[in-house]
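A quick write-up on the structure given underneath.
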Amino acid sequence: MNSISINHILNSDKHLNKNVSISGWVRTFRANRFIALNDGSCLSNIQCVVDFEKTDQEILKKITTGAALNIKGKVIESQGSQQSVEIVVDECEILGESNAEAYPIQPKKHSFEFLRENAHLRTRTNTFSAVMRIRSNLSFAIHEYFKKNGFYYVHTPIITASDAEGAGEQFRVSTLDIKNPPLNDNGQVDFSKDFFGKETNLTVSGQLEAEAYAMSMGKVYTFGPTFRAENSNTSRHLSEFWMIEPEVAFMDIEGNMKLAEDFLKYVLSYLIDHNIDDLKFLESRLITEEKQKPQNERSEMTLIEKLLFVTQNNFKIITYTEAFEILKNCKPNKKKKFKYIIDQWGSDLQSEHERYLVEKEFKCPVIIYNYPAKIKSFYMRLNEDGKTVRAMDILFPGIGEIVGGSQREERLDYLMRKIKEVGIDEKELWWYMDLRKFGTAIHSGFGLGFERLVMFATGMSNIRDVIPFPRTPQNAEF
Ligand code: 4AD
Ligand code: MG
């Protein structure tokens, strides 16, 4: 008899009064009688009732928290009120024993810090298995959205010779002997002797390559890992994170904003339709957590209300200049409560400013567009005013920036000028220039930080808790 999933048993009538075989891990074993078994297929455990008299004492002793079991028995309507069905155990096989005293995941509340140190076992808890099931379904919803809307999935390279964001925050990929690298006549490392014959790095974004595909296949997207060597140890930054980057030919900045809003609403609605048990569990966890906070710091909406709010309301759209005026004149700025005071047009918005706009001023997702050219990347389309670019950032409550995108500079002469100005070697981007030489056209796209979306969807407040094995400065365990 092949094992079936607990999810299947709990959500279908067809197993009632039938014999089944299930495998999973023991969450608890009570009164030498009730095993709460979980196999990760859903939030719920299934209760398996063993007959103390009929069961081998050696086996009973091995039914400990964390042990892996195979159970054969009959599904019956439950006698208790906690669950609808339970399994009367005929046979219990110990697949893998667990020394309950040494097992890190005890049936009690653990701190997230502790569970991060035990990331290989943390999905044995309700919170982390719920988060990771949501992560999995969200990524499916993302592919589904693009598929339904005529996009092709492009696998852009992970190893690259270009710095898409021009921020110089890349991890080098090299096979040179670091103790004794080959040097050129100027005494510098000679990368022509390196594996690829040039200096290469892990990609910070698949955008530039996605642009090449948009300029031939029309509507494309990438969804893959990206890497940033920025030394920011915050609850919103990872050194390795996943990014979704659609890129569309013949689409301008307005189309880009509409696409991003429609896309975000679709994937969040998908979760409400498909993961309600996990969402409800995470919501109740948050409600308990919120109760510890002072009244004025508590969230006005529950998790599911927040998701519904985003799917049912229009995003607020404002220009950088409008955002700047609001921030310059707002109370915390005037009272010098911000760490970075806003007084000069052209200064970059920090996360404290973004959060003020989203959480205090508008209380909904906000799209800011037409940013000063100076604070944005080289590839963005310059506006007629000569000082702003068609960039757009989307800010979410509790998260800050979740999406960054733009209409791209499609004019060769403007792009050449910009590249020179910021000091990029034109020769390295020859192929990117070609796209402007042969059938150039307006095109746009954006990047959504996948983990920031998972944070929003689950209410988790640290980005390290929404990716299976986080990579951050000074940490690459597992
Ligand atoms: O704003 P960013 O840097 O934009 C780009 O990389 C563009 N090339 C995207 C495009 O237009 N195709 O990054 C996009 C998003 C951010 O809005 C944020 O959500 C996320 O990626 N992000 C990070 N997430 C986790 N850890 C980090 N260190 C992140 N840096 C950016
Ligand atoms: Mg950005």
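Each ligand, and each atom within it, is numbered from 1 in the order the structure gives. In this chain, residues are counted from 1 in sequence order.
- From the protein, the heavy atom lying nearest to atom 19 (O) of ligand 1 is Ile402 O, 2.8 Å.
- Note on Lys293 versus Glu290: salt bridge recorded, some NZ/NE/NH1/NH2 to OD/OE distance being below 4.0 Å.
- In terms of polar-atom proximity, Glu230 is counted as a contact of ligand 1, with an N or O under 3.5 Å from an N or O of the ligand.
- Aromatic ring pairs are classed by plane angle as parallel below 30°, tilted from 30° to 60° and perpendicular above 60°; the pair Phe112 and Phe128 is perpendicular.
- Close approach of ligand 1 to Ile463 is summarised as follows: ligand atoms under 4.0 Å from at least one heavy atom of the residue are 25 (C).
- Only the side chain of Tyr379 comes within 4.0 Å of ligand 1, judged by heavy-atom distances.
- The shortest N or O to N or O distance between Met243 and ligand 1 is not under 3.5 Å.
- For atom 7 (C) of ligand 1, the nearest non-hydrogen atom of the protein is Glu165 OE2, 3.3 Å.
- Nearest to atom 15 (C) of ligand 1 among the protein's heavy atoms is Gly447 O, 3.6 Å.
- Residue Gly405 approaches ligand 1 through these ligand atoms, each under 4.0 Å from one of its heavy atoms: 11 (O).
- Scanning the protein heavy atoms around atom 20 (C) of ligand 1, the nearest turns out to be Gly449 CA, 3.6 Å.
- Using a 4.0 Å cut-off between charged nitrogen and carboxylate oxygen, Arg172 and Asp194 do not count as a salt-bridge pair.
- For atom 11 (O) of ligand 1, the nearest protein heavy atom (residue, atom name, distance) is Arg408 NH2, 2.9 Å.
- Each of Arg236, His237, Arg135 was evaluated against Glu451; a single residue qualifies, Arg135, per the side chain to side chain donor-acceptor pair (under 3.5 Å) test.
- Of the listed options Arg228, Arg236, Glu245, Arg228 places a heavy atom closest to atom 6 (O) of ligand 1.
- Remark: Glu261 engages Lys265 in a salt bridge, criterion side-chain N to carboxylate O under 4.0 Å.
- Nearest protein heavy-atom contact of atom 26 (N) of ligand 1 is Leu238 N, 2.9 Å.
- Ring centroids of Phe263 and Phe146 are separated by less than 6.0 Å, placing the two rings close together.
- Salt bridge Arg285/Glu289: present, at least one basic N to carboxylate O contact under 4.0 Å.
- Between Tyr153 and Tyr221, the ring-plane angle classifies as parallel under the 30° and 60° cut-offs.
- Using the six-membered ring where Trp is involved, Tyr320 and Tyr371 have ring planes that are tilted, between 30° and 60° apart.
- Each of the following atoms of ligand 1 lies closer than 4.0 Å to a heavy atom of Val403: 17 (O).
- Ring orientation note: the planes of Phe140 and Tyr270 are tilted relative to one another, at an angle of 30° to 60°.
- Residue contact annotation: Glu401 places an N/O/S atom under 2.8 Å from the Mg ion (ligand 2).
- Here Lys376 has no heavy atoms under 4.0 Å from ligand 1, in either its backbone or its side chain.
- Every N/O-N/O distance between Leu448 and ligand 1 stays at or above 3.5 Å.
- Of the protein's heavy atoms, Glu401 OE2, 3.2 Å lies nearest to atom 16 (C) of ligand 1.
- Relative orientation of the Phe315 and Phe396 rings is perpendicular, given thresholds of 30° and 60° on the angle between their planes.
- Closest protein heavy atom to atom 24 (N) of ligand 1: Phe241 CD1, 3.5 Å.
- The pair Arg408-Glu247 meets the salt-bridge criterion, since a charged nitrogen lies less than 4.0 angstrom from a carboxylate oxygen.
- For ligand 1 and Gly404, the ligand atoms under 4.0 Å from any heavy atom of the residue are 1 (O), 9 (C), 10 (C), 11 (O), 17 (O).
- Residue Ser205 has at least one N or O atom closer than 3.5 Å to an N or O atom of ligand 1.
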